[in-house]
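So that the names make sense, note that chain A is the first sequence line, chain B the second, and so on, each numbered from 1.
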Amino acid sequence: MARYYLTTPIYYVNDVPHLGTAYTTIVADALARYHRLRGHDTRFLTGTDEHGQKIEEAAAAKGVEVKAFVDAASAAFRAAWPPLNIENDDFVRTTERRHIEVVQDLWRKCQENGFIYEGTYEGLYCVGCEGYYTEKELTQTPAGMLCPLGTHKPVERVKEPSFFFKLSAFEKRLLDFYEKNPGFVSPESRRNEVMSFVKGGLQDLSVSRTSFKWGIPVPGNEKHVMYVWFDALTNYLSALGAPGSSLHSRFWPPDVHLVGKDILRFHTIYWPAFLMAAGYADAELPRKVFVHGWLTINGQKMSKSLRNVVEPIKLAEVFGADVVRFYLLREVAFGQDGDFSHAQLINRYNSELADSLGNLLNRTLGLCQKLRPSGAALARGAEGELEQKLAEQARTALLGSIASWDEIAPHRAIDSTWVLIRAANKYIDESAPWAEAKKASPEGTARVDAILATALETLRWISVLIWPVMPDVSTKIRQQLGMSAIAPKQGEDVLVMHWEPRSDTSGLAVGTPVFPKIDADRQAEIFTALGLSEVVAEKAPEPVKPGKQPRAVIEPASEITYEDFAKLDLRVGRVVSCERVPKSDKLLKCMIDLGEPTPRQVVAGIGKSFTPEGLVGKQVTVVFNLKPAKLMGQESRGMILAAAGESEADLALIAPEKDRPVGTRVK
RNA sequence: GCCGGAGUAGCUCAGAUGGUUAGAGCGGGCGUUUCAUACGCGCUAGGUCGGGGGUUCGAUUCCCUCCUCCGGCACCA
């Protein structure tokens, strides 16, 4: 019997469950449900990643024991999934005994095989932040290299004993593996990315630390704890128990790891290399890493400062878990970036769920109720071309769904299903059972039987096809059809075409609409309940495509209040030094005197318009309170204002008309 | 800069190993049915398939080049 083992990343407990983590987990759940429908022996794993310096610090900041801190945080993740109709088979924690033992075992194997050795980690260390930085991250000043964060104190070059993983030894073998297993990294663009990275050469990895304690001790040298990734990645293995255990032999290797693009490298390079080092053969390595994109919220990046972090549980409370699942899986082409928009969710809900599917169920049951009393027999025999065509379309939808799920393309599977739903609505229009009933002839009677039976059979199939995405809805529909909920069994493939129109109307029950339509009033209620502003509720203005039009006619940004404006802290600064960011054609790294104790580093994308020499000494306007960001590895704290021109080589600096003291506020 | 990916109707996207009228959904417009949650169905988008050049009987689909956007360029999760 086929089996299927799939995983989400384990989520770092320094964060809370949000739409991004919910998204990955929902996809995984739907995929798991698809395989259960196929009768596959399915294992769906998720969990939490709980070690590391950041956790240690976060607990300390809260003044709680680290263990208590991670217990609570992990519980929050565990509790987040059931309300979204997510049914994972296991939930692994990196602080569990079963995990720690397997990780240490894997480590030992790597070490015995000569791929872990002791050395010295040399890095630039900031005493103030107790953290290492790479050279690129640091602020370069005449006074030396400064820590990019917090105190801006000078960093020190520090040596720390460390274990290293001999990643360099796996360059060739990894490339061979990618070559022989073209599907290992999906989508393909990610595969290219990984391969070119590996071709560029691999350096050994520092895999242990002595500078903090909250981690898995290195076997035989307890001064060291393992550095996060060796620990975290191994969850996929440890959750199955020690090699040789029954779960392990039943499910290893994983069929797919679903991951976000931020952790691509760890899953496609480090993880297989760790396993290779421990002695795993190519055939025992994970079969696929599927990389998906990011979600934006109403067109904006998710961020705490924008206060647009969507709480998935709250959404599920308002819309229902299945609706949220449907929307996310339907809207986003899996693998690509996508946008979560409340307005768009409601659009899709109304048109696809309420109007197309909900109404199809409702009108079909209504027809049955009107034309045939409950329990009436539905005679066979009057089926014709229309029925044949619909059955064929059901078959197409089924095959299309299967193919799409197998490719991990939920949006396409849903699309296939909705083609069938539209066909069913069309079928009812074309077959017009109400007109046949009026004929009051034996032929008409027979046609009504055939039509109702066909429509009901189509709905039965739809209830199957939507189950991976909307299990509760499927059950509700089946209740109204007088059928029991879908309960997949191992070894029984439900997704096999059996077109068997029923022979009576017993058990049918016109119920309350599965998807009550969301009208304007209800929408307003929902937005209020979710705490969304009117701006979000209104249709977002269409983004303007960059074109040849004069910039001056660009759509205005949405209206803001004075308070919004007052949040901006704009200051006059003077460029004290400036250089090009290596490997970038438009980024300039400027040190700007803003009246602070030390000049501040701002990276600006104005290098096509200005030379570093030309900027030094100039006054500029700087967004003073912009959240620091990293551009090409360079810390940037603020941005330089410039007016757009014909092109990127035609920018105009916005600066005070006469010299002002540095640090002057611009209002 | 180097390496990848992408640029198709107002929006979101399909698609073609080169070939008669380039597709779907949504939105907009028009029409129509009545079983239904004012729902469904039909018609409608006149899109230089990013610009230019080339190969070809023929290219949006192949090649070159340019423009724009996105991602990657490591021990950062």
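- Comparing B:C2 with B:C13, their C1' atoms sit 31 Å apart, to the nearest whole Å.
- Among the nucleotides B:C73, B:A77, B:C75, the one closest to the side chain of A:F197 is B:C73.
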Each base of RNA chain B marked ( ) or [ ] if paired in-strand (Watson-Crick or G-U under 3.5 Å), | if paired to another strand and . if unpaired gives (((((((..((((.....[...)))).(((((.......))))).....(((((..]....))))))))))))....

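- The ring pair (Phe, Tyr, Trp, His ring centres under 6.0 Å) test applied to A:Y11 returns A:F77, A:W81, not counting sequence neighbours.
- For A:A509, the side-chain contact (heavy atoms from CB on, under 4.5 Å) criterion is met by no residue, not counting sequence neighbours.
- Considering only side-chain atoms of A:Y227, the nucleotide from B:G4, B:C35, B:C76 that sits closest is B:C76.
- Taking atom C1' on both B:G58 and B:A16, the two are 15 Å apart, rounded to the nearest angstrom.
- The list of salt bridge (charged side-chain N to carboxylate O under 4.0 Å, His left out) pairs with a residue in residues 259-277 of chain A, not counting sequence neighbours, reads A:K261-A:D337.
- Salt bridge status for A:E179 with A:K172: absent, with no side-chain N to carboxylate O gap under 4.0 Å.
- Residue A:W434 places its side chain closer to B:U33 than to any other of B:C75, B:A77, B:U33.
- With both ends at atom C1', the span from B:G53 to B:A45 equals 31 Å, rounded to whole Å.
- For A:E352, the side-chain atoms get nearest to B:G25 when compared with the rest of B:G25, B:C35, B:A74.
- Residues forming a salt bridge (charged side-chain N to carboxylate O under 4.0 Å, His left out) with A:K438 (at least two apart in sequence, or on another chain): none.
- Looking at residues two or more places apart in sequence or on another chain, you find a side-chain contact (heavy atoms from CB on, under 4.5 Å) between A:F212 and A:Q53, A:E56, A:R209, A:V225.
- Distance from the side chain of A:W229 is smallest for B:A77 among the nucleotides B:G4, B:A77, B:U37.
- B:G4 sits 47 Å from B:G40 when the P atoms are compared, rounded to a whole Å.
- Every residue two or more places apart in sequence or in another chain that forms a side-chain contact (heavy atoms from CB on, under 4.5 Å) with A:A376 is listed here: A:R372, A:P373, A:T505.
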Given A:F170 and A:F115, is the ring pair (Phe, Tyr, Trp, His ring centres under 6.0 Å) satisfied, shown in steps? CA-CA 10 Å; A:F170 295 92; A:F115 294 112; 4.8 Å; yes

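- Here A:Y12 pairs with nothing under the ring pair (Phe, Tyr, Trp, His ring centres under 6.0 Å) rule; sequence neighbours left out.
- Only at 4.0 angstrom or more do the heavy atoms of residues 445-452 of chain A sit from any atom of RNA chain B, so none qualifies.
- Looking at residues 410-425 of chain A, you'll see A:R412, A:R422, A:N425 sit with a heavy atom under 4.0 Å from some atom of RNA chain B.
- Not counting sequence neighbours, A:E188 has no partner by the side-chain contact (heavy atoms from CB on, under 4.5 Å) test.
- In this structure, the salt bridge (charged side-chain N to carboxylate O under 4.0 Å, His left out) partners of A:R348, at least two apart in sequence or on a different chain, are A:E331, A:E352.
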